Structures are given as C-alpha cells and as structure tokens.
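This is a predicted model, so every value here is computed, not measured.
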Protein chains: 2
Amino acid sequence: MAFWQDGYEGTTMRSLQEATGVNGKGLSNVFGDKEQIFLKALEAYSEMYENVLNDSFAIPSLVAIEKFFEGLIEDQGTAEDPLSNGCLMVNTVFEIDRASGDVKKIVDQYRHMFVVHFSKSLEAANIEGVDDKAEFLVGMLWGALLQMKLCSSRAAAVPMTQQVLKTISSWG
Amino acid sequence: MAFWQDGYEGTTMRSLQEATGVNGKGLSNVFGDKEQIFLKALEAYSEMYENVLNDSFAIPSLVAIEKFFEGLIEDQGTAEDPLSNGCLMVNTVFEIDRASGDVKKIVDQYRHMFVVHFSKSLEAANIEGVDDKAEFLVGMLWGALLQMKLCSSRAAAVPMTQQVLKTISSWG
DNA sequence: CTAGTTTTACATCAAGCGATGTATAAATTA
DNA sequence: TAATTTATACATCGCTTGATGTAAAACTAG
C-alpha cells in the first residue's frame with residue numbers, strides 16, 4: 001500500500017494512480033478525494049489485523065500472548081513485515097496529529113482491538129488486575145514497534161521482548 | 001519550537017520567520033536552508049534533554065530510574081510537556097524516515113543517551129543483565145510515550161508505568 | 001453497424017512550497 | 001555628517017501538490 005510506504009503527505013494522487021493502475025478520474029469518482037481514499041486504506045489495514053488477531057487469539061490464553069510477542073521479533077520478511085514500513089496506524093498518528101476525527105476514531109478502535117484480546121487472554125488465565133496488565137502489554141507492543149523503528153532492526157526489540165515474556169510467566 | 005509543534009513538513013519557512021522574528025533572508029544567511037535549520041533544532045532539543053537527564057541521574061541508582069518513570073506520568077503542563085507535542089525525536093523518526101543520515105545520527109545518539117543513563121543506574125545497583133534491562137527500560141519509555149500520544153492522555157500511561165515500577169522493584 | 005455511455009489519458013488550474021533577488025531602512029565607521 | 005556596510009521587508013521564480021476539465025478510446029445495447 002502506497003500510504004503505508006510513503007505516508008499520507010508523501011503519497012501523491014499521481015503515485016496512487018500508478019500504484020493502483022486506476023485512472024485519476026476513476027479514483028475520484030469512486031472514492032472521492034485523497035482523504036477519503038486514505039480512510040478506506042486505514043479501514044482495510046485495521047480489518048487485516050483484526051483477522052490476524054482473531055487467529056492468534058482464537059484460544060485466549062497466556063500462551064497466545066507469549067506467541068504473539070515472540071512473533072513480533074521473528075523475521076517475517078513479508079510485505080506485511082512491521083519493520084519495513086512500521087505500523088500504518090502508528091505512523092498515521094504521528095503524521096496527521098491534527099487530522100479529522102475520523103482518523104482518530106479508526107486508530108482508537110485499532111488500539112482497543114489489542115486491549116480486548118489481551119484482556120480476554122488474561123481473564124482466561126484467571127489473572128488479577130486484568131485491565132492494568134492489558135494496558136501494560138499494549139504499551140510493550142508500542143515500545144517494541146518504536147524500538148524496531150528507531151533502530152531499523154527487528155533484533156533491537158529482542159531484549160525488551162524477553163523481559164516481557166519473563167514478566168508474563170511470572171503472572172501465570 | 002515550530003518544528004516540534006507542526007513537524008518538518010508542516011513548518012514552512014514563512015512560519016519560521018514569524019516564530020523567530022528573524023527575516024527570511026537572515027535565516028538563510030545564518031543557518032542555511034530549511035534542513036540545516038531543522039538539524040540545529042534537533043541538536044538543541046537533544047542538548048536540552050541531555051541536561052535534564054544529567055540532572056535526573058546525577059546519582060545513578062534504581063531510585064533515579066523510578067523517579068524518572070514517575071515523572072513521565074506526572075502532569076507537567078509546561079511547554080516541554082511531552083504530551084503536548086510528543087517527543088521531537090520520535091516525531092522526527094516517523095516523519096522523515098528516508099531522511100538524510102545526519103538526522104538518523106542525531107536520533108540514534110539521543111536514544112543512546114537514555115540507554116547509557118539507565119545502564120549506569122542498573123550497574124550502580126549491582127543488577128545482573130544490565131544491557132538487556134536497559135534496553136527494556138528504553139522500550140518502556142517509548143511505549144509510554146506512544147501510549148500517551150495515541151490516547152492524547154498522560155493518564156493512559158499510568159497502568160503500564162506502574163507495572164514497570166513493580167518490575168524494577170523486583171530487581172532490587 | 002451505429003448511437004449512446006462509460007472509461008481512460010492527458011492538460012490545466014489555483015494554491016502553497018522553498019529559495020532567492022531586489023529595493024528600502026537601519027546601523028556602523030571614518 | 002557622509003559613505004559604506006548590514007539588516008529587513010517584500011516580490012518573484014520554478015516546482016509540486018490536489019483537484020478538475022476535456023477530448024479520445026473502448027465498450028455496450030439495440
């Protein structure tokens with residue numbers, strides 16, 4: 001996705017035309033202006049990760065959480081590799097801070113998606129302080145993503161991820 | 001600082017003129033082009049935080065680390081409030097990913113600054129696995145910053161920060 | 001085959017950008 | 001005070017952007 005690679009400002013209508021093969025007039029007629037297209041892209045991204053999380057947390061448990069964080073630092077090498085372009089939602093928050101409420105809303109529900117899955121897994125494991133610990137885990141996720149972004153290296157998040165795994169196992 | 005508030009792309013030469021009161025020609029003559037001005041701003045920001053950290057970690061200890069994280073979630077309400085505009089360095093990484101090596105270098109040494117201070121404090125407390133734990137703490141810092149940014153609320157980082165404090169005290 | 005409609009490719013528009021040139025005002029020095 | 005240098009205010013340039021208009025091409029229906 002063009003927005004993922006170049007950001008919102010970095011993506012021009014012309015580059016969108018090249019990337020999609022759809023003509024400029026066609027893009028405008030079907031989707032509307034640039035912001036509308038971007039919102040569609042955000043929604044598509046969110047849905048994609050919703051499917052991924054539904055899969056990872058099909059059986060809510062501590063093991064699911066551990067597997068999730070282990071997966072973070074594994075070299076995926078795919079187009080969806082968070083390292084290559086980062087998380088589109090996180091990128092978006094930083095780029096269009098003052099953006100329309102629509103963007104904020106989509107990002108918020110994206111964040112909430114992680115909180116819910118973490119909470120369910122913690123609950124299933126009969127752990128106390130579910131809400132706080134879920135927030136902690138989400139924070140760790142952001143930390144790992146940022147660490148990888150800052151260092152341009154997936155390995156940079158290994159030490160902190162290992163510490164998280166230790167903490168999680170101390171809960172069980 | 002204008003770059004802090006509006007980002008690199010969002011800051012125009014004209015807004016810089018208004019903000020500084022310095023004329024456009026003067027800005028160009030003294031600093032050079034826009035990127036040079038931005039690099040100067042980054043360096044100034046880094047130096048500012050260098051002083052803050054030197055102060056906070058004047059006496060390297062676990063207590064210093066704890067105080068640092070407690071300070072994160074306290075309402076500062078100042079112009080340097082990380083919540084208002086976020087961390088300039090983090091913002092920069094997201095905005096100009098493909099930027100010149102100069103930017104990357106400054107951001108890297110900024111990150112390193114935190115690692116060093118955390119490491120020294122952990123060493124002073126005679127804790128094993130200093131390097132990994134320092135990386136963990138830095139990751140937690142990014143996580144807290146991002147959490148605050150995503151939720152537009154300093155309080156949003158409270159649960160995870162408390163968990164970090166628990167983890168730290170478990171080391172001591 | 002032809003008339004009507006949709007899709008495509010390209011041109012064009014106003015606006016905003018960074019950068020620079022050009023006169024005027026201020027300051028400094030002899 | 002007069003001459004020279006420095007600093008300021010404003011205009012302008014070339015470029016890129018998002019958006020839209022226009023004309024040619026492709027497709028569809030009768």
How many Å lie between [atom1] on [X] and [atom2] on [N], as a whole number?
X	N	atom1	atom2	value
Gln36(A)	dA19(D)	CD	C1'	14 Å
Asp6(A)	dG18(D)	CG	P	12 Å
Ile37(A)	dT17(D)	CD1	P	15 Å
Phe31(B)	dT20(C)	CZ	P	16 Å
Gln17(A)	dT7(C)	CD	P	16 Å
Leu27(B)	dA7(D)	CG	C1'	13 Å
Lys25(B)	dC13(D)	NZ	C1'	13 Å

Next on the checklist: For Lys166(B) versus Ser169(B), what's the shortest heavy-atom pair and its separation?
Outcome noted: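 Of all heavy-atom pairs spanning Lys166(B) and Ser169(B), the closest is O-OG, 2.8 Å.
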Checklist entry - Does Asn54(A) have any side chain to side chain donor-acceptor pair (under 3.5 Å) partners at least two apart in sequence or in another chain, and if so, which? => result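 Expected list: His117(A).
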Checklist entry - Looking only at side chains, do Gln147(B) and Glu135(A) share a donor and an acceptor under 3.5 Å apart? => result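 Checked: Gln147(B)/Glu135(A) side chains pair up, N/O donor to acceptor below 3.5 Å.
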Checklist entry - Parallel, tilted or perpendicular: which fits the ring planes of Trp4(A) and Tyr45(A), with parallel below 30° and perpendicular above 60°? => result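 Perpendicular.
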Item to check | Any Asn23(A) side-chain N or O less than 4.0 Å from OP1/OP2 of dT7(C) | outcome: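 The answer is no; no side-chain N or O of Asn23(A) sits under 4.0 Å from OP1 or OP2.
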Under 3.5 Å donor-acceptor pairs involving side-chain atoms of residues 62-73 of chain B, not counting sequence neighbours:
none

Next on the checklist: Base contacts versus sugar-phosphate-only contacts with protein, heavy atoms under 4.0 Å: please encode nucleotides 14-19 of chain C as B, S and - from 5' to 3'.
Outcome noted: ---SBB
Item to check | Donor-acceptor pair, side chain of Ser121(A) and main chain of Ser61(A), under 3.5 angstrom | outcome: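 Side chain of Ser121(A) to backbone of Ser61(A), a donor-acceptor pair under 3.5 Å: yes, one is there.
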